[in-house]
Amino acid sequence: MPDRTPLLAANWKMHKTTDETEDFLADFLPRAEDSGPEVVVCPSFPSLQRAVELCVQSRVRVAAQSMHEESEGAFTGEVSAPMLLDLGVQGVILGHSERRQYFNETDEALARKVPAALDAGLEPILCVGESEAQRDADETEGVLTRQIEADLANVPDQRLGAVVIAYEPIWAIGTGRTATAEQAQEAIELIRGLIESRSAEAASAIRVLYGGSVKPDNAAELISQPDIDGALVGGASLEPGDFAAIVDAAR
Ligand code: PGA
C-alpha cells in the first residue's frame with residue numbers, strides 16, 4: 001500500500017480580508033494541531049503574508065491561488081514564484097477552472113507554470129476537470145487525458161511525484177452537487193494511470209485530491225476511496241469549524 005499523507009487544502013478564492021484571515025486562523029489553528037493530514041490554506045494575495053506569519057509555528061502551510069510563469073517582467077497585475085517564496089508561501093494552486101474560464105489560463109501557460117513552481121520550490125496544486133457538457137458527452141476521459149498530458153509536459157518524470165493534482169469536475173464546483181465517491185474515484189484512478197504511463201514510482205507517490213462541493217458530511221466517504229488523497233475545498237473552507245471537520249474526516 002503506498003504511503004501517501006492526505007492533504008486538505010482550503011481555496012478561499014476572492015474571500016477574506018487580512019482581518020478576516022486572522023480571525024479564521026485564530027479559531028482554526030488550535031483545531032489543526034494534532035498530527036495527521038497535511039493542511040494548506042490558500043488566501044488571496046493581500047492576506048498571504050499575514051497568514052504565513054500566523055501559521056509559521058503551526059503544521060498548517062500557506063499556498064497562493066495563482067502565479068505567473070515568468071520570475072519577473074512587464075506583466076501588470078501578475079505575481080511570480082520568487083515573490084511568493086519571498087513571503088514564505090510554500091505552494092500554489094494552478095489551472096483552477098475559474099482561472100481557465102474567466103482569465104483564459106491555457107494548457108500552454110500551465111505547461112510553463114507547473115515546472116516554474118517546482119523549480120522555485122513551491123508545491124503546485126494543478127487543477128483539472130471536465131464540464132457538465134463534456135461529462136454528458138462521455139468526454140471526461142479525453143478531457144482529463146488532454147489536460148494532464150499538456151499541463152505536465154515539461155515536468156521530468158522523476159519530478160512528477162512532487163506535483164499535487166486536484167480533480168475538480170466543473171459541474172460540482174460551488175453547486176452543492178458533489179461527484180459521487182465512485183465518480184471521483186474513477187476519474188482519479190484514470191489520472192493516476194496517466195501518471196503511471198510515465199513513471200510507476202511517481203504514480204504511487206503523487207497525491208491526487210478531489211474538489212467540488214466537499215462538505216463535512218461527505219468528506220470521509222470521498223477521502224476513503226483508494227486513489228483519493230484528500231480534498232481541495234472552496235465554500236466549506238471559509239468556516240473554521242467546517243474546514244476543521246473536513247480535516248478530521250481525513251484522519
Ligand atoms: P467548492 O469549490 O468546494 O465551493 O465547490 C472547490 C474549488 O473550487 O476548489
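Note that the coordinates shown come from a computational prediction; the quantities given were computed from them, not determined experimentally. All ligand and atom numbering here is 1-based and tracks the order in the structure.
Nearest approach of Ile170 to Gly129, heavy atoms of both residues: CD1-O, 3.9 Å.
When only interatomic distances are considered, the shortest N/O to N/O separation between Ser213 and ligand 1 falls below 3.5 Å. Not a single N or O atom of Thr175, backbone or side chain, sits closer than 3.5 Å to an N or O atom of ligand 1. Checked against a 3.5 angstrom limit, the closest N/O atoms of Gly211 and ligand 1 fall outside it.
In the vicinity of Gly212, heavy-atom distances shorter than 4.0 Å reach the ligand 1 atoms 5 (O). Atoms of ligand 1 found under 4.0 Å from any heavy atom of Gly174, numbered from 1 in the order shown, are 1 (P), 4 (O), 5 (O). Those atoms of ligand 1 that come under 4.0 Å of a heavy atom in Leu232, given as number and element, are 9 (O). Every atom of ligand 1 is numbered from 1 in the order shown, and the set under 4.0 Å from a heavy atom of Gly235 is 1 (P), 3 (O), 4 (O). Heavy-atom proximity to His96, at under 4.0 Å, picks out these atoms of ligand 1: 7 (C), 8 (O), 9 (O). The contact set between ligand 1 and Ala172, taken as ligand atoms under 4.0 Å from a residue heavy atom, comprises 5 (O). Atoms of ligand 1 found under 4.0 Å from any heavy atom of Lys13, numbered from 1 in the order shown, are 2 (O), 7 (C), 8 (O). Within ligand 1, counting atoms from 1 as listed, the ones closer than 4.0 Å to a heavy atom of Gly234 are 1 (P), 2 (O), 3 (O), 4 (O), 6 (C).
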Test side chain to side chain contact (heavy atoms under 4.5 Å, CB included) on Val40 and Leu7; report intermediate values, then the result. CA-CA 8 Å; Val40 175; Leu7 173 64; 3.6 Å; yes
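Seen from the ring of Phe103, Arg99 counts as a face-on cation partner, given the 6.0 Å and 45° thresholds.
When only modelled atom types and interatomic distance are considered, Gln65 and His96 share no side-chain donor-acceptor pair under 3.5 Å. No hydrogens or angles considered: a donor-acceptor pair under 3.5 Å links the side chains of Glu130 and Tyr167.
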